[in-house]
Amino acid sequence: MREHKEDIIKILLSAVILIFGVVASKMGWFNEAVRLIIFAAAYIIAGFEVLKESIENILKGEIFDENFLMSIASIGAFIIGQHAEAVFVMLFFGVGELFEHIAVDKSRKSIEALTEIRPDTARLVTENGEIMLEAEKVNIGDIISVNPGEIIPLDGIVADGASSLDTSAVTGESVPTDTSIGDRVYSGCINLSGVIRIRVTEAFSNSTASKILDMVENSNKKKANTERFITRFSRVYTPIVVILALVLGVIPSLITKQYSVWIYRALMFLVVSCPCALVVSVPLTYFAGIGGAAKKGILIKGGDSLEAMANTNTVVFDKTGTLTKGDFSVVAVHPQKIDEHALLGIAAAAEYHSNHPISVSLKAAYGKLPENLEIGNVKEIAGQGVETQIGSKTVLVGNDKLMAANGVDFRDCHHLGTIVHIAVDGEYFGHIVISDTIKPQSKSAVSTLKKAGMKTVMLTGDSERKALNTAMEISIDEYHARLLPEDKVDILEKMLNNGGKVAFVGDGINDAPVLARADVGVAMGALGSDAAIEAADIVLMDDNPERIVTAIDISKKTSLIAKMNIYFSIGIKVFVLLLSALGLCNMWTASFADVGVLVLAVLNSIRAAK
Ligand code: ADP
Ligand code: MG
């Protein structure tokens with residue numbers, strides 16, 4: 001409010017003088033000239049900025065803006081002797097502008113509140129104790145200390161201590177997570193219980209909190225079609241209205257000779273025609289919706305992504321890491337020639353460089369690998385597995401497709417689970433059965449989407465049997481198994497060609513092509529995954545599939561509000577324009593309608609943040 005003090009004073013002062021002027025005219029106080037001066041004073045106080053801006057804009061070549069409309073209308077009214085009306089037009093326009101500024105400031109502040117997730121300083125641990133330093137100046141590899149109650153300023157790995165973290169500012173997930181030595185921690189999370197020391201792994205500008213902020217701040221650059229429509233609309237609309245006003249002022253005047261009646265109506269026309277309600281409220285709606293979503297750990301990269309999400313009728317899920325937890329555990333080892341531990345060792349060594357959830361589980365199951373392994377020439381084949389050179393031997397670790405492609409005679413397994421086959425120099429060594437669990441929220445997410453009339457599909461590179469089992473368990477509409485990443489793109493393209501408005505939800509591991517191809521790519525569990533953040537249009541920081549439902553709800557609500565504002569503003573305007581042309585309203589009501597629509601539309605926009 002303080003920022004707007006000057007404007008408020010001007011409005012009040014002008015209003016008081018206006019009322020005094022009106023009373024004076026009614027009572028017949030003073031003579032005509034003095035009353036004119038009173039009105040002129042009120043007019044200048046209320047309208048000086050608007051007049052100035054419209055002259056400046058005309059000099060810049062932007063003629064038809066709202067300042068111009070208001071200036072012409074009010075000056076015209078003044079000239080034809082409607083002094084009080086002229087002041088009222090300017091005054092009320094000022095009220096509308098003030099209201100608009102307050103609303104825009106407010107939603108900007110709510111975005112700025114997000115910056116609190118990124119502290120500017122860090123407590124650097126040095127040989128001489130701890131020093132406070134600008135977070136920007138901390139280097140990768142430095143150790144920082146974070147006390148309970150503080151926000152973690154930089155991403156890193158816990159080097160000392162244990163604590164629980166409130167990740168809600170980043171992920172929207174309210175349950176605290178425990179963390180101890182060796183765990184990755186992300187900037188923006190609040191340290192709740194113990195002192196922890198963190199070895200920094202990312203520079204300040206690359207930290208999770210910085211990325212969240214960048215994304216939200218840049219989201220207004222990517223406009224929704226609706227927003228672009230408004231810009232185009234007001235570009236043609238305003239000149240048309242000015243021409244109509246001219247026609248309305250001139251032609252009937254010449255015919256009826258009632259000049260002041262028709263000029264007055266034309267001026268009213270100009271007042272009502274101001275498109276500010278649209279120009280202000282529609283972008284504000286998207287801004288508010290995106291800001292509100294960010295607070296729930298849902299990052300939407302722009303109005304265009306939001307609009308696409310709102311129009312979705314098909315949600316396609318990747319399986320591993322999206323509908324399932326992606327933390328596999330080894331359930332059986334079936335070697336052909338060597339013992340179980342040795343087979344696991346070969347698999348773990350071959351997967352040494354891979355980050356795929358399957359690799360992680362194999363490495364975890366084996367434990368520490370010997371130091372002197374010579375692992376080279378690693379080829380990770382997406383959707384199949386890995387081919388690695390260990391010493392002089394070529395090792396293949398992956399599914400039946402990989403084996404078949406390399407002519408290995410492999411054996412099938414009766415176990416339910418993901419089967420990882422191992423072959424050394426083309427000879428089959430056996431397989432390992434690993435199993436993944438379905439996320440507890442997957443089933444309810446799918447059923448909520450189905451209830452909302454959406455088609456749900458699962459795509460996976462895993463075996464037919466495993467896919468069928470998962471699909472049954474979560475009752476998804478349709479599934480496709482044994483897919484390579486390019487097969488996923490093909491299936492998606494078919495859906496798009498059949499009129500599907502497709503959202504693809506994946507974890508970003510080897511599914512960037514589909515994320516990019518879908519109408520909206522949604523990366524889930526993106527905390528810490530750069531690839532997913534890059535490729536996706538919408539980023540869900542935590543890995544709960546129910547968030548997809550929330551994201552769709554927010555998008556739908558926001559688009560609906562934007563549309564309401566458009567229909568409502570244009571509807572009322574057209575109605576009042578007709579009344580003005582027919583002489584069924586006066587400048588007071590015209591002005592009231594104009595600002596009233598603005599205020600209501602802006603109030604409506606702000607709802608999108610809730
Ligand atoms: P999803 O489509 O379910 O996300 P992926 O495309 O990541 O699965 O993988 C598909 C299949 O490819 C896996 O089920 C597995 O059989 C095989 N695979 C992929 N990467 C690896 C790997 N690093 N090691 C072993 N097998 C792998
Ligand atoms: Mg995957």
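We count ligands from 1, going down the list as the structure has it; atoms in each ligand are counted the same way.
Of the heavy atoms in K488, only side-chain atoms (C-beta onward) come closer than 4.0 Å to ligand 1. With a heavy-atom cut-off of 4.0 Å, T320 touches ligand 1 through backbone and side chain alike. Residue contacts with ligand 1, taken as heavy atom pairs separated by less than 4.0 Å, do not involve K401 at all. In D462, the parts holding a heavy atom less than 4.0 Å from any atom of ligand 1 are both the side chain and the backbone. Of the heavy atoms in T418, only side-chain atoms (C-beta onward) come closer than 4.0 Å to ligand 1.
Rounding to the nearest 0.5 Å gives a distance of 4.0 Å between CD of E307 and OH of Y286.
One option in G398, S463, S359 has a heavy atom closer to atom 26 (N) of ligand 1 than any other, and that option is G398.
Remark: ligand 1 and G383 share an N or O pair separated by less than 3.5 Å (distance only, no angle test). Ligand 1 has no nitrogen or oxygen under 3.5 angstrom from a nitrogen or oxygen of I381. Some N or O of N399 is nearer than 3.5 Å to an N or O of ligand 1, by distance alone.
In summary, the side chains of S444 and E546 do present a donor paired with an acceptor at a separation below 3.5 Å, with no hydrogens or angles considered. Under the 3.5 Å distance criterion, with hydrogens and angles disregarded, a donor-acceptor pair is assigned to the side chains of S163 and N191. T171 and D542 are not linked by any side-chain donor-acceptor pair at a separation below 3.5 angstrom, with hydrogens and angles left out of the test.
In the vicinity of I358, heavy-atom distances shorter than 4.0 Å reach the ligand 1 atoms 13 (C), 15 (C), 24 (N), 25 (C), 26 (N), 27 (C). Residue E380 approaches ligand 1 through these ligand atoms, each under 4.0 Å from one of its heavy atoms: 23 (N). Close approach to T460 involves these atoms of ligand 1, each under 4.0 Å from a residue heavy atom: 1 (P), 2 (O), 3 (O). Using a 4.0 Å cut-off to heavy atoms of S354, the atoms of ligand 1 that qualify are 23 (N). The ligand atoms of ligand 1 that sit less than 4.0 angstrom from a heavy atom of K319 are 3 (O). Per-residue contacts place G461 under 4.0 angstrom from the following atoms of ligand 1 (heavy atoms of the residue considered): 1 (P), 2 (O), 3 (O), 8 (O), 10 (C), 11 (C).
Listed for the S193 side chain is a donor-acceptor partner under 3.5 Å among the backbone atoms of S164. The backbone N or O of G521 sits less than 3.5 Å from a side-chain atom of D537, completing a donor-acceptor pair. Put simply, the side chain of N311 never gets that close to the backbone of A308: no donor and acceptor are under 3.5 Å apart. K319 contributes no side-chain N or O that, together with a main-chain N or O of D462, makes up a donor-acceptor pair within less than 3.5 Å. Checking side-chain atoms of T558 against main-chain N and O of I554 turns up a donor-acceptor pair under 3.5 Å.
Side-chain contact between K488 and I491 is absent, with no heavy-atom pair separated by less than 4.5 Å.
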